[in-house]
2 protein chains.
Amino acid sequence: MITLTEENYIKTIYQLGKYGTLTVSTNSIAEAIETKASSVTDMVKKLAEKGYVNYKRYQGATLTAKGKKIAADVVRKHRLWEVFLVEKLNFSWDEVHEIAEQLEHIKSEKLINELDKLLDYPTHDPHGDPIPDKSGDIKKSDKVLLFSLAENAKGVCVGVKDTSSAFLKYLDKHKIALGSEISVVSREDFDDSMVIKINGTEMSISQTVANNLFVIEE
Amino acid sequence: MITLTEENYIKTIYQLGKYGTLTVSTNSIAEAIETKASSVTDMVKKLAEKGYVNYKRYQGATLTAKGKKIAADVVRKHRLWEVFLVEKLNFSWDEVHEIAEQLEHIKSEKLINELDKLLDYPTHDPHGDPIPDKSGDIKKSDKVLLFSLAENAKGVCVGVKDTSSAFLKYLDKHKIALGSEISVVSREDFDDSMVIKINGTEMSISQTVANNLFVIEE
DNA sequence: ATATAAATTTAGACTAATCTAAAAATAGAT
DNA sequence: ATCTATTTTTAGATTAGTCTAAATTTATAT
């Protein structure tokens, strides 16, 4: 059996190491988890014994295949729950993280598969981050800032960079939501604003807005 | 702060003591929680210090008002999640308990209120047990077995006694579900079967079925 | 190459929750 | 009322996860 604490360490190593590909220092884990480096050393040793990480003294840790699977599962659950909270329970994009931190540890394969189905198999969470599939694979995120799209390019809105409630209110007001299709009608060199088409209507948005909206280009 | 373990002890005392009204022995808590009596003594002492229970050595424990509130909250969450699992995620009535044991500890008032709304403010869980409201009050359950209803009486289906999958399949097949309105058309003294009307159609059910379906009479 | 700074690990102690085994209190039977 | 069985508590040990402070290793600057 794996404990909740162990799961959190494994998840942290996964995320700090770019989905488990890089070596992660004990200090950076300590910072992320808000604990002391000495505690991390102890835990990483234990995780190495259990076969979840590779570890050599003073050399940092990487995840084993077994560790990556655990981590991808936790991240998958976290992000699916975030989508659920936003789509079904009227949460805004900046309120969901804390609760998803709790929900990600609920153990039930059927639960998570049914949740996935209820949400219609989303590929990204409300912050635009990709959701690992059942086998832990990640559709490499090509999420980019709306600002980086060329004229006539199209994209689907997958998240926000600025999660302030002021910005979220602005988006609500203009009916820009997760999943909205946006196309760039024209760009204005003068002030870097752009005209976009969304839900069939055109509107002008400032550079600030365009630099805080993530889209996946199509 | 209250720990997950403390919450489980408080919940157990609440349930063994009929919603916190009776005194509960340390031994019975130990049996319910699957731990040793000595562990219970330690924990009950700690809960008494924190003001959640009243406790005198050798005299068992009762919940304080503060303890009852905590317990009612946990039970409320447990039962709402059970409804969610059955209504929204296609779980059957006998699969939900274990998962709800985990979900009941998720902390977020908004989450539980939104869940309540999503489910349209249910008053009973899939086993027919009442769901405490926001302030911890319980609508006293008048759930009775369908078999006990008189001719022409009406009731809403709120749960099952037999949770075997055979019985649940029978119910599914005949479109008898949580919330179905059932009226007793006639009773047959000969074999104790009864004719009921459900979803506008009449059908005959055996005594066995009638004795395993909980309804709330209207 | 050596000194110093920074990162990391070790050693030993602490807390929450548990256990076993022994002691103490209560309840039941005569 | 006294003995006995049962229940409950105490005492002391154990485990997971954490901490502080000291020791060790690695990295950096000259």
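Numbered from 1 within each chain, the chains take letters A, B, ... in sequence-line order. Since we're looking at a predicted model, the values are computed, not measured.
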Atom-to-atom span, [atom1] of [X] to [atom2] of [N] - whole angstrom:
X        : N       : atom1 : atom2 : value
Glu49(A) : dT15(D) : CD    : P     : 14 Å
Tyr58(A) : dT25(D) : OH    : P     : 5 Å
Ile29(B) : dT7(D)  : CD1   : P     : 15 Å
Leu47(A) : dT9(C)  : CG    : P     : 13 Å
Met43(B) : dA16(C) : CE    : P     : 10 Å
Asn27(B) : dT9(D)  : CG    : C1'   : 11 Å
Gln59(A) : dT26(D) : CD    : C1'   : 8 Å
Ile2(A)  : dA16(D) : CD1   : C1'   : 14 Å

Q | Along DNA chain D (nearest heavy atom to each residue), the more 5'-positioned of Glu34(A) and Arg57(A) | A | Glu34(A)

(Q) Quick check: on DNA chain D, is the nucleotide nearest Ser28(B) upstream (toward 5') of the one nearest Tyr9(A), or the reverse? Name the residue that is more 5'. (A) Ser28(B)

Please work out if [X] contacts a base, only the sugar-phosphate, or nothing of the nucleic acid, heavy-atom cut-off 4.0 Å.
X        : value
Thr26(A) : sugar-phosphate
Thr5(A)  : sugar-phosphate
Ser38(A) : base

Would one find a side-chain N or O of [X] under 4.0 angstrom from OP1 or OP2 of [N]?
X        : N       : result
Thr35(B) : dT18(C) : no
Ser39(B) : dT18(C) : no
Lys45(A) : dT10(C) : yes
Tyr55(A) : dT9(C)  : yes

Q: Start with the C-alpha distance between Lys117(A) and Glu114(A), add both sets of side-chain angles, then the distance that settles salt bridge (charged side-chain N to carboxylate O under 4.0 Å, His left out), and finish with yes or no.
A: CA-CA 5 Å; Lys117(A) 192 205 288 181; Glu114(A) 288 291 335; 3.7 Å; yes

Q. Taking Val24(B) as the fixed residue, which of Ile13(B), Thr12(B), Val40(B) is the one that meets the side chain to side chain contact (heavy atoms under 4.5 Å, CB included) rule?
A.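 The passing option is Ile13(B).
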
Q: Could you tell me whether Lys107(B) atom NZ has more than 12 heavy atoms of other residues or ligands within 6.0 Å of it?
A: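 Yes.
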
(Q) So does Tyr52(A) get a backbone contact from the side chain of Thr64(A), meaning a donor-acceptor N/O pair under 3.5 Å? (A) yes

Q | Lys134(A)/Glu109(A) salt bridge by N-O under 4.0 Å criterion | A | no

